[in-house]
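Before any comments, here is the structure.
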Amino acid sequence: MLQLPIYLDNNATTPCDPRVVEAMLPYFTTHFGNAASRTHPFGWTAAAAVDHAREQVAALIGAETQEIIFTSGATEADNLALKGMFEAYAGKGNHIITVATEHKAVLDTCLHLEKQGASVTRLEVDHAGMISPETLEAAITPQTIGIAVMYANNETGAIQPISAISRIARKHDVLLMTDATQAVGKIPVDVQQDGIDLMAFSAHKLYGPKGVGALYVRRKQPRVRLIAQLDGGGHERGLRSGTLNVPGIAGFGKACELAGAEMTAEGPRLAALRDKLEKALLELEAVSVNGPLTHRLPHVSNISFQHTENEALLAGFNRTIAVATGSACTSASMEPSHVLKAMGLSDDLARSSLRFSLGRFTTAEEIDQAIRIVQETVNNVRKMSPLWEMYQETTTLRPS
Ligand SMILES: Cc1ncc(COP(=O)(O)O)c(C=O)c1O
């Protein structure tokens, strides 16, 4: 029997893989030591677990172990990268280039830095959510210290041309920072091949635990300098003080190992399910997919159902499927997604959009059921909508 609700919100968070939980368990109880305790076996065992996890995490992204700084998640890693870079390179300049469709962890950090004297350029995107490398290059000035472009977008799955951006960054001697939270573990990401200098990612998006993530910091060609944002015991090469979350880090390591081993099979399986879902929903009238159809994560689909409101759709689903709207509640109003708006969607169209994100545990049966639920709900919501009635009148009156 199919269990409801059907979880299609894996970009918000993924369930912990049971194999990850198993790898974590000993570090809560038997091996509870502090990885910084150098004087006894409790500490040594914990430190060995962290070393092993660091190898697993580094291997997934083609990094050296010393280049991995464990953090509490991607938000902290984004903050450390951007604030740490801004402070460390103050002698060089104060200009940072980013993109209008970034996650708030990057956009709000940039807003904070503007108050500290940074000058920030926010690049616009095209209707598919892609930036233009030429526009990016034109935005570079002698004051530019870094470029922050996300690897893959959390709302649409759009994958930016990171290697092309990196070539531009290298040419102008500017650092490339990327928030790869949605990409790592889902598609191949290699910091060497992609030419990335700083990269934030998070365990809970790749079937690991919540509250642990990492910042990749390049050590050679160029050696990236950062100023720590948390002071204390000098953990993580002085860049992130605080007792390490040993069970979380052990789980993160295992999650990275599994992702590396399973990604090549998982990606196409999810792409096939996503495509099936998308194709079936596109059979409804006045439905469109947001984002690029080619440069896109395999498990994500963002769809606008014209002349509906996503809040009404959610109510209509009546807790049978879990999807996201991309809207954020600010005070009493629902703000339409800043990502969809940056792509040129009207407020109404953005408010009619839903994000479906599949994951390792999504089954074909769940997708079939989700298709039925969404089709039925969209039809029901539209039946009650005067806007839909008007739309139908205009389309039937239109000469063919
Ligand atoms: C692109 C992106 N960056 C950053 C984050 C924040 O990650 P964390 O929850 O690990 O702080 C998320 C999660 O929503 C995300 O999708």
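Side chains are part of it too, since the values below use all heavy atoms of this structure and drop only hydrogens, waters and symmetry mates. Quick note: residue numbers are just sequence positions, from 1. Start at 1 and go down the list; that is how both ligands and their atoms are numbered.
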(Q) Checking Thr13 against Lys210: is there a side-chain donor and acceptor pair closer than 3.5 Å? (A) yes
Q) Quick one: nearest non-hydrogen protein atom to atom 12 (C) of ligand 1, plus distance? A) His103 NE2, 3.4 Å
Q. In the protein, which heavy atom is nearest to atom 14 (O) of ligand 1, and how far is it?
A. Lys205 NZ, 2.7 Å
(Q) Check this for me, if you would: do Lys254 and Glu257 make a salt bridge, where the nitrogen-to-carboxylate-oxygen distance has to be below 4.0 angstrom? (A) yes
Q. What are the two closest heavy atoms between Cys16 and Pro209, and how far apart are they?
A. SG-N, 3.7 Å
Q) What part of Thr75 sits under 4.0 Å from ligand 1 if we count only heavy atoms: the side chain, the backbone, both or neither? A) both
Q: Identify, for atom 9 (O) of ligand 1, the protein heavy atom at the shortest distance, and state residue, atom and that distance.
A: His204 NE2, 2.9 Å
(Q) Which label fits Tyr207 and Phe361: parallel for a plane angle under 30°, tilted from 30 to 60°, or perpendicular past 60°? (A) perpendicular
Q) Any idea which atoms of ligand 1 are less than 4.0 Å away from a heavy-atom of Gly73? A) 10 (O)
Q.
I need the contact type for Met150 against ligand 1. Using non-hydrogen atoms and a strict under-4.0 Å cut-off, is it side chain, backbone, both or neither?
A. side chain
Q.
Salt bridge or not between Glu137 and Lys171? Use side-chain N to carboxylate O under 4.0 Å.
A. yes
Q. Could you walk me through whether His338 and Thr101 pass the side-chain contact (heavy atoms from CB on, under 4.5 Å) check?
A. CA-CA 7 Å; His338 73 280; Thr101 50; 5.6 Å; no
Q: Answer yes when Arg122 and Glu114 have at least one side-chain N-carboxylate O distance shorter than 4.0 Å, and no when they do not.
A: yes
(Q) Looking only at protein heavy atoms, which one is nearest to atom 4 (C) of ligand 1, and what is the separation? (A) Asp179 OD2, 3.4 Å
Q: Decide whether an N or O pair under 3.5 Å exists between Ala74 and ligand 1.
A: yes
**Q.** Proximal atoms of ligand 1 relative to Asn154 (non-hydrogen, under 4.0 Å)
**A.** 1 (C), 16 (O)
Q: Can you pull out the closest protein heavy atom to atom 10 (O) of ligand 1? Residue, atom name and distance to 0.1 Å, please.
A: Ser202 OG, 2.6 Å
Q: For ligand 1, indicate whether the residue Gln182 contacts it via side chain, backbone, both or neither (heavy-atom separation under 4.0 Å).
A: side chain
**Q.** Sub-6.0 Å ring centroid separation between Phe32 and Phe42
**A.** yes
